[in-house]
A.B. asks: 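Below is one structure. I have some questions about it.
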Amino acid sequence: MVKRFALICLLLLAPGVSFAQPAISFGTLTYDFGTVSHKDRVEHVFRFKNRGDRDLVIEKLAPS
């Protein structure tokens, strides 16, 4: 009886655990710097938020 109850609980809880994942959302995806010479220093901050229910891990960043 206890084994059946444990199995039923596991089967009911498993879908909720397996679908938990991070979900990143950005305020803006692009930014146009216009015309920039090689002497100019430019920067822009991209704001993002984790809207998921798990930790968001950023392992690698690369400029484009």
A.B. asks: Once rounded to the nearest 0.5 Å, what's the spacing between atom OG of S25 and atom CZ of R51?
C.D. replies: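 If I round to the nearest 0.5 Å, the distance is 4.0 Å.
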A.B. asks: Taking atom CD1 of I24 and atom CD1 of I58, what is their separation to the nearest 0.5 Å?
C.D. replies: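 One gets 5.0 Å once the value is rounded to the nearest 0.5 Å.
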A.B. asks: Only pairs under 3.5 Å count here: list side-chain donor-acceptor contacts from residues 28-35, not counting sequence neighbours, and write none if there are none.
C.D. replies:
{"residue": "D32", "atom": "OD1", "partner": "G34", "partner atom": "N", "Å": "2.9"}

A.B. asks: So, using salt bridge (Lys or Arg N to Asp or Glu O under 4.0 Å) as the criterion, who are the partners of R41 when residues are at least two apart?
C.D. replies: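 With sequence neighbours excluded, R41 shows a salt bridge (Lys or Arg N to Asp or Glu O under 4.0 Å) to E43, given in chain and number order.
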A.B. asks: With clusters defined by side-chain heavy atoms of hydrophobic residues (ILVMFWY) lying less than 4.5 Å apart, directly or transitively, does V57 cluster with F46?
C.D. replies: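 Not linked; separate clusters.
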A.B. asks: With rounding to the nearest 0.5 Å, note down the distance linking CD in Q21 to CG in D55.
C.D. replies: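 The CG atom of D55 is 13.5 Å from CD of Q21, to the nearest 0.5 Å.
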A.B. asks: Taking P22's backbone N and O only, do any of them form a donor-acceptor pair with D53's side chain (distance below 3.5 Å, no angle check)?
C.D. replies: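 Not at all, since once roles are kept as given, no pair shorter than 3.5 Å links the two residues.
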A.B. asks: Please check if L61 and V45 belong to a single hydrophobic cluster, counting links between Ile, Leu, Val, Met, Phe, Trp and Tyr side chain heavy atoms closer than 4.5 Å.
C.D. replies: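 Cluster IDs for L61 and V45 differ.
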